There are 2 protein chains.
Amino acid sequence: MTTRRPPDNTLHQRILKDLEGKIVSGAWPAGHRLPFEVDLARSYGCSRMTVNKVMTELVRAGLIERRKRSGSFVLEPKVASAVLEIPDIQQEVETRGLCYAFTLDRRTRRIARAADQRHLDLADAGPVLALTCTHFASGRPFCIEDRLINLATVPDADSADFTVIPPGQWLLQQVPWTAAEHRIQAVNAAGPVADQLRLDPGAACLVMERRTWGGDGPVTHVRLTYPGDRHSLVARFEPSAP
Amino acid sequence: MTTRRPPDNTLHQRILKDLEGKIVSGAWPAGHRLPFEVDLARSYGCSRMTVNKVMTELVRAGLIERRKRSGSFVLEPKVASAVLEIPDIQQEVETRGLCYAFTLDRRTRRIARAADQRHLDLADAGPVLALTCTHFASGRPFCIEDRLINLATVPDADSADFTVIPPGQWLLQQVPWTAAEHRIQAVNAAGPVADQLRLDPGAACLVMERRTWGGDGPVTHVRLTYPGDRHSLVARFEPSAP
DNA sequence: TTGCCAAAAATGTATAGACATAATAAACGG
DNA sequence: CCGTTTATTATGTCTATACATTTTTGGCAA
């Protein structure tokens, strides 16, 4: 069985791959000026609009820079960013062929303390929900979740039953689109954390903190602690546009 | 002084922001069918092509899905990926107002061992260059670099002087565009590593491994070890297209 | 009913032309 | 020689139109 891949015999794709190839292969090094739109259009026997759309994509992909009156130039290669995959915990566990489960260990409703305000990026005190969960993979602790939910923007969270659905999944369903900021660190497991994850005290753990904003302001802050030796994050970079 | 921001009063941008707003605000929830191209074109008083380009961008951004004959639909929100910032080490040190320096601790030319082949994603044995560097921030160890360079694709590396320029920067200048795969882990510093970074043995360290491919095959593999308590990685996600 | 075929509907791709915008280069006047 | 104006040039945006492609729908016949 071959993977179903779109043929992409379109002129657009042909030109895109062609120019992209010239750039990533080094045939056109950084600083090189590409042919003008009109010339490319003529040489490919197509209209300028078609070439223009391709060039616009190359700009998006960060391969070229365009200057009016001067032309289009190949940029310096940059590995300055990569796409980090952040899978859902349940999905991640099940992908490994393990059985997923979770427990809600603590649930507290309170007025945001100074630390809560800092974590949630809140300007002033308001009601928040503090949750602690443990996620399991086939009975083994997989990850600890410490979460704060801003009840000012997600009031329904107060009446949600987080023993049935993990708060992360509930929020994903509830709140539409969000912006997020992640911070990844390595820490030594303190005593209680080590116990909870069944690790030796001081074992290295991967900690991912995520802050999330919706249209109405800060939504949630979560701190996920994974055993460092069993877990890794993956990020990829491709010069070509996907 | 205000930040120089393009006005983007273009119709294209106006339509894009408009539709984007409807989606991220939740006014059009997941599964909602947007108006047809022709209707949007009429309501904005523009041609279908203009609307089409906007819709194409929304697809790229992962906000909508388009099905022929059926229409365009808002997708489920996904925080499944984020953009990870991977700054150059020197730049990172200097951004913190510290003084950058590095030492080349070891340099070995050899035929790729089994482990080297695995690290570099090589099919067969060939000449490789193994380097170990220490990067310093104002005299304090900042990061350990263990690198393999595939001399089959980068023969010039054999004659480069890596006591003058860090191998990472040299490669960035030398090899054009590359694809890369990153793996991030937390580990406990083993004895020698702890000594080198001047940490207590067993201290948590953030390890980033990067494999890099160019047009001619595997280029390099690098393992960067940072003190976990002093370093963190940042990744961001924005629903809107940049 | 079932199976097949044709029409309709929506998006996908491409064109040729128009005018706007911005940056450079050339011409010009002091 | 210098600063200003003007022309040129390449890209940016948009239009109106055309035809291709894909999927659904509905009709027709076995």
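Within every chain, numbering begins at 1; the chains are lettered A, B, ... in the order of the sequence lines, protein sequences first and strands thereafter. Since we're looking at a predicted model, the values are computed, not measured.
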Task: Residue whose nearest DNA chain C nucleotide is more 5′ - A:Lys68 or A:Lys53 - done: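 First, find each residue's nearest nucleotide; the 5'-ward one identifies A:Lys53.
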TODO: May I ask you to test the A:Glu94-A:Gln91 pair for a side-chain heavy-atom distance under 4.5 Å?
DONE: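 No. Closest side-chain heavy atoms not under 4.5 Å.
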How many whole angstroms separate atom [atom1] of [X] from atom [atom2] of [N]?
X: A:Ile15; N: C:dT13; atom1: CD1; atom2: P; value: 13 Å
X: B:Ile64; N: C:dT11; atom1: CD1; atom2: C1'; value: 11 Å
X: A:Phe73; N: C:dT24; atom1: CZ; atom2: C1'; value: 12 Å
X: A:Leu16; N: C:dA14; atom1: CG; atom2: P; value: 11 Å
X: B:Arg66; N: D:dT23; atom1: CZ; atom2: P; value: 14 Å
X: B:Glu65; N: C:dG12; atom1: CD; atom2: P; value: 11 Å
X: B:Leu11; N: D:dA16; atom1: CG; atom2: P; value: 12 Å

Open item on the list: Measuring centre to centre across the rings, with the benzene-like ring taken for any Trp, is A:His231 within less than 6.0 Å of A:Phe142?
Closed with: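 Judged by ring-centre distance (under 6.0 Å), A:His231 and A:Phe142 do meet the cut-off.
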Open item on the list: B:Arg236: which residues meet the side-chain hydrogen bond (donor to acceptor under 3.5 Å, both in side chains) condition with it, sequence neighbours left out?
Closed with: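 So B:Arg236 forms a side-chain hydrogen bond (donor to acceptor under 3.5 Å, both in side chains) with A:Glu181.
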Task: Residue list, side-chain hydrogen bond (donor to acceptor under 3.5 Å, both in side chains) with B:His32, at least two apart or on another chain - done: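 None.
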Task: A:Arg33 with A:Glu65: basic N within carboxylate O range, under 4.0 Å - done: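 No, A:Arg33 and A:Glu65 are not salt-bridged.
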Could you list the donor-acceptor pairs under 3.5 angstrom formed between side-chain atoms of residues 154-169 of chain B and any protein atom two or more places apart in sequence or on another chain?
unit_1: B:Asp158; atom_1: OD1; unit_2: B:Arg109; atom_2: NE; d: 3.4
unit_1: B:Asp158; atom_1: OD2; unit_2: B:Arg109; atom_2: NE; d: 2.7
unit_1: B:Asp158; atom_1: OD2; unit_2: B:Arg109; atom_2: NH2; d: 3.3
unit_1: B:Ser159; atom_1: OG; unit_2: B:Asp156; atom_2: O; d: 3.1
unit_1: B:Asp161; atom_1: OD1; unit_2: B:Thr163; atom_2: N; d: 3.0
unit_1: B:Asp161; atom_1: OD1; unit_2: B:Thr163; atom_2: OG1; d: 2.5
unit_1: B:Asp161; atom_1: OD2; unit_2: B:Thr163; atom_2: OG1; d: 3.4
unit_1: B:Gln169; atom_1: NE2; unit_2: B:Asp88; atom_2: OD2; d: 3.4
unit_1: B:Gln169; atom_1: NE2; unit_2: B:Gln90; atom_2: OE1; d: 2.8

- [ ] Would you please confirm or rule out a distance under 4.0 Å between OP1 or OP2 of D:dA10 and any side-chain N or O of A:Arg67?
- [x]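 It does not, given that no N or O in the side chain of A:Arg67 lies less than 4.0 Å from OP1 or OP2 of D:dA10.
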Open item on the list: Quick check on D:dA10: is either OP1 or OP2 less than 4.0 Å from any side-chain nitrogen or oxygen of A:Ser72?
Closed with: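 No.
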TODO: From the options C:dA8, C:dT13, D:dC14, select the nucleotide whose nearest atom is closest to the side chain of A:Thr10.
DONE: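 Of the candidates, C:dT13 comes closest.
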Open item on the list: Quick check on contacts: within residues 34-52 of chain A, what sits under 4.0 Å from DNA chain D by heavy-atom distance?
Closed with: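 The stretch gives A:Phe36, A:Glu37, A:Arg48, A:Met49, A:Asn52 as the residues lying under 4.0 Å from the strand, ordered by number.
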Open item on the list: Can you say whether a donor on the side chain of A:Arg69 sits under 3.5 Å from an acceptor on the base of C:dT21, or the other way round?
Closed with: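 Answer no: no donor N or O sits under 3.5 Å from an acceptor.
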TODO: Could you give me the CA-CA distance, side-chain angles and deciding distance for A:Arg66 and A:Glu37, then say whether salt bridge (charged side-chain N to carboxylate O under 4.0 Å, His left out) is met?
DONE: CA-CA 11 Å; A:Arg66 313 197 71 187; A:Glu37 283 190 355; 2.9 Å; yes
Task: B:Met55 side, atom CE; B:Ile64 side, atom CD1 - distance, nearest 0.5 Å - done: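 So the CE of B:Met55 and the CD1 of B:Ile64 are separated by 4.5 Å.
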Open item on the list: Angle between the two end axes of the helix from C:dT1-D:dA30 to C:dG30-D:dC1, five base pairs per end, rounded to 10 degrees?
Closed with: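 That helix has its two terminal axes inclined by roughly 10°.
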TODO: For B:Tyr44, check side-chain contact (heavy atoms from CB on, under 4.5 Å) against everything at least two apart and list the hits.
DONE: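 For B:Tyr44, the residues satisfying side-chain contact (heavy atoms from CB on, under 4.5 Å) (neighbours in sequence not counted) are B:Arg14, B:Ile15, B:Asp18, B:Leu19, B:Leu40, B:Cys46.
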